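Everything numeric in this text was worked out from a predicted model, so none of it was measured. Numbers here simply count residues along the sequence, with the first being 1.
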Amino acid sequence: MSAKPLSSGTPRTELTVRGLIIGVVITLVFTAANVFFGLKAGLTFATSIPAAVISMAILRGFKDSTMQENNIVQTVASSAGTLSAIIFVLPGLVMIGWWSGFPFWVTFGICATGGILGVMYTIPLRRALVTDSDLPYPEGVACAEVLKVGGGDDAVAASAESSKSGLFAVAAGTIVSALFAVVVATKVFAGSVAQYFHVGDRGGASGYDFSLSFALLAVGHLVGLWVGLAMLLGALIAWGWAVPHYTMLAAATGAAADMAQAAWGSKVRFIGAGTIGVAAIWTLAKLVKPVISGLSSAMASSRARKAGQGSTLPRTEHDMPIGIVGLISLLCLLPIGWLLGDFSIATGLGSHLWLLVIGGLIFVVIMGFLVSAVCGYMAGLIGSSNSPLSGVGILVVIIAALLLLVAGVKSELSGDAGKGLVAFALFATSVVFAVATIANNNLQDLKTGQLVDATPWKQQVALVVGVLVGAAVIPPVLDLLNEAYGFAGMPGVDPARALAAPQAGLISALAQGVIQGNIDWSLIILGGAIGVALIVLDAVLGRTTRSAALPPLAVGLGIYLPTSTTLMIVVGAIVGWYFDKRAERGPKPESTKQLGVLLASGMIVGESIIGVIIAAIVVFSGKGAPLALVGDGFGTAAIWIGGIAFVAVNVALYRWVARLGRTSAAA
């Protein structure tokens, strides 16, 4: 028998110690997974829905659990899908050779202070952008629907069955992908199917690399068919035209793999960077008008509503008091100022100490609030996962670098001091970017809370807790991954093992380009021209077809990322599209599709966590392949065995989830 719904003024179980503990544990796991996967694929995955499903399954064993308590758990855990996006900037300090690793307290300070500022900055925007706005908040609404289905005090037998099925889907994806990753680490299964070859009679080369990765396939499922096809187009531009072209121009000799990788690393990645930059800035530019008009109209509506209301607000309108918001914001600026000052001295810019500290704080305060408003609105308009955070990072780092030059620090442009100036620009950008990542998610969570009758200030406290936990997890995980794999483009790093970290590479290259002028701008310009052509093509498709799209940002990622990342994402996009089409023939297509999403989320989590664990084993053992059971001579057999197993297991998993969806619908 379900409980009677409570009014917004009735107290209920919501912000609890057990809910925070569950949220913290999920945050620890999902943050580590997101850091690994974001560096590998250039994408992070939303954690709110998987966290909500896991929470519902756990809290169902407690008689006094509620939908609002489940909401607190997913609010804490959602920081794993957002704060971990700091990897789009922070690894740049290692890529330029300024850091050799990620110092814990400095990295923690950047993530924690920037993240908490992101929470504080979006609190005054809640009524304007959530309560009094008609923004769709697609992910926030979806998460609210999941919470209602599994629902605490309003639960029924059918919703219990649905919640159980969702947990099964997440668990199955996690376990299977983790086990497959372990077998790959033993070398009994190959991790990829790759081939490189010479092209033409003028010394050209190209190739392909299919990574046998459950996580990459799952990302393709989540991003959808057209994003996957756009990434395929990018891969074709890179490896079908650019790599053969530049290898022919170089007239080099040697192994096809070495030639192709050299051309891709030194030439083609910068073309991709130009495409990503133009596409990201265009995406932001399209949102300028709706951001300005939306904010102004929503705030005007909020002021009008406030003028006519009494002093008593329902529980669902209780934000964190503005005085506390202001105090916490000021307290955050103190460690930020210290971090900026300490970094200034470390970079050899001590003669400009006060200019850099005061100017840096003003930059963080103003740019932080601006990106909070913009990212909050973008998240409401197109969803947190689709919000072009990389475009925000590009704009912020360019502004930071230009301000350093305009402010008179341009005398320090040579040697280590020049590198230090680039490092400072990246450092200041990383603080603002931490603000942006949380602001990109916070209002999405508050929209979920509005739909499930939650108390805003309790959610805001929960997100601060999630920020602190995520900030503590990110530095050691980054250190492990840096030592075990390294980042693409770094000297002395094996390109076959290196993590792509595409956004961090792009943003650090732009910082160097603005300050030191040491990149080949012709490649960036060529990539930008490709981006412009893609923007036009996407606009034409949008006007002439109902559902077709070719997101320029996704094409840019396809050019920039190695085929070991892009090709399996393309496969996953096609698999997800086919699964959804088949689901539409069933009795409850949306429920079955949601189970597919949960299965994919589990695949990402399982493989990513094993990746972090194996990285730790690599670091502590000092061996490149500590779990290997067979030698390199087993390679051909491993490719066939691994490839067949990969296909067979995926077919079995998706067929099982489809049956689970039908069973859940019939229950």
Side chain proximity check, V24 to V465, heavy atoms < 4.5 angstrom: yes
Verify, without hydrogens or angle tests, whether T275 (side chain) and G527 (backbone) share a donor-acceptor contact under 3.5 angstrom. yes
State which residue, out of L216, L499, D209, fulfils the side-chain contact (heavy atoms from CB on, under 4.5 Å) condition with T565. L216
Please round to the nearest 0.5 Å and tell me the distance separating atom CG of L567 and atom OG of S213. 12.5 Å
Min side-chain heavy-atom separation Y196-D258 under 4.5 Å: no
To the closest 0.5 Å, what do you measure between OG1 (T563) and CG (L232)? 11.5 Å
Would you say the side chain of T75 lies within less than 4.5 Å of the side chain of N71, judging by non-hydrogen atoms? yes
Are I641 and F634 close enough, and set up right, to give a side chain to side chain contact (heavy atoms under 4.5 Å, CB included), and what steps lead you there? CA-CA 10 Å; I641 296 171; F634 195 70; 3.9 Å; yes
Donor-acceptor pair, side chain of T27 and main chain of V76, under 3.5 angstrom: yes
So, does N482 use its side chain to make a donor-acceptor pair with the main chain of L478 at under 3.5 Å? no
Assess the residue pair F36 and L481 against the criterion (side chain to side chain contact (heavy atoms under 4.5 Å, CB included)); give the C-alpha distance rounded to whole Å, side-chain angles, the decisive distance to 0.1 Å, and a yes or no. CA-CA 7 Å; F36 174 80; L481 298 177; 3.5 Å; yes
Straight-line distance of R582 CZ to R655 CZ, nearest 0.5 Å: 8.5 Å
Evaluate the side-chain proximity of R269 to I559: yes if any heavy-atom separation is below 4.5 Å, no if none is. no
Side chain to side chain contact (heavy atoms under 4.5 Å, CB included) evaluation trace for V467 with C111: CA-CA 8 Å; V467 165; C111 296; over 6 Å; no
May I ask you to check whether over 12 heavy atoms, not counting those of W640, lie within 6.0 Å of atom CH2? no
Are the side chains of T448 and Q74 in touch, meaning some heavy atoms are under 4.5 Å apart? yes
For I72 and A462, which heavy atoms make the closest approach, and how far apart are they? CG2-CB, 4.0 Å
Measure the OG1-CZ distance between T592 and F579 for me, rounded to the nearest 0.5 Å. 6.5 Å
Measure the CG-CD1 distance between L179 and I610 for me, rounded to the nearest 0.5 Å. 7.5 Å
Kindly give the heavy-atom pair with the smallest separation between G19 and V73, and that separation in Å. O-CG2, 3.4 Å
Which residues share a side chain to side chain contact (heavy atoms under 4.5 Å, CB included) with L225, sequence neighbours left out: L229, I574, W577
Looking at E607 and A181, what are the two nearest heavy atoms and their distance? CG-CB, 4.2 Å
Determine, step by step, whether V555 and I237 satisfy the side chain to side chain contact (heavy atoms under 4.5 Å, CB included) criterion, reporting the C-alpha distance in whole Å, the side-chain angles of both residues, the deciding distance to 0.1 Å, and the verdict. CA-CA 9 Å; V555 180; I237 292 172; 4.2 Å; yes
Least distance between heavy atoms, I474 atom then S84 atom: CD1-CA, 4.0 Å
Would you kindly say whether S78 and D445 are connected by a side-chain donor-acceptor distance under 3.5 Å? yes
Looking only at atom types and distance, does a side-chain atom of S192 sit under 3.5 Å from a main-chain N or O of L212, one as donor and one as acceptor? no
If we ignore hydrogens and angles and just use 3.5 Å, is the side chain of D538 paired with the main-chain N or O of P552 as donor and acceptor? no
For a 4.5 angstrom cut-off between non-hydrogen side-chain atoms, does M603 reach L653? yes
Would you check if F214 and N650 make a side-chain contact, meaning some heavy-atom pair closer than 4.5 Å? yes
Going by distance alone, is a donor N or O of one side chain under 3.5 Å from an acceptor N or O of the other, for Y654 and H221? yes
When every non-hydrogen atom of L83 is compared with those of G470, the smallest separation belongs to CD2-C, 4.1 Å
Any sub-3.5 Å donor-acceptor pair from T107's side-chain atoms to F104's backbone N or O? no
Tell me the salt bridge (charged side-chain N to carboxylate O under 4.0 Å, His left out) pairs involving residues 185-194, sequence neighbours left out? K187-D632
Does any non-hydrogen side-chain atom of Y208 lie less than 4.5 Å from one of W239? no
Residues which pass side chain to side chain contact (heavy atoms under 4.5 Å, CB included) with V597, listed by chain and number, not counting sequence neighbours: L222, Q594, S601
Quick one: does T31's side chain have a donor or acceptor within less than 3.5 Å of a partner on L28's backbone? no
What's the separation between atom OH in Y485 and atom CG in L39, rounded to the nearest 0.5 Å? 11.0 Å
Shortest non-hydrogen pair, P475 vs F102, comes out as O-CB, 4.2 Å
Heavy-atom donor-acceptor pair, S508 side chain to G92 backbone, under 3.5 Å: no
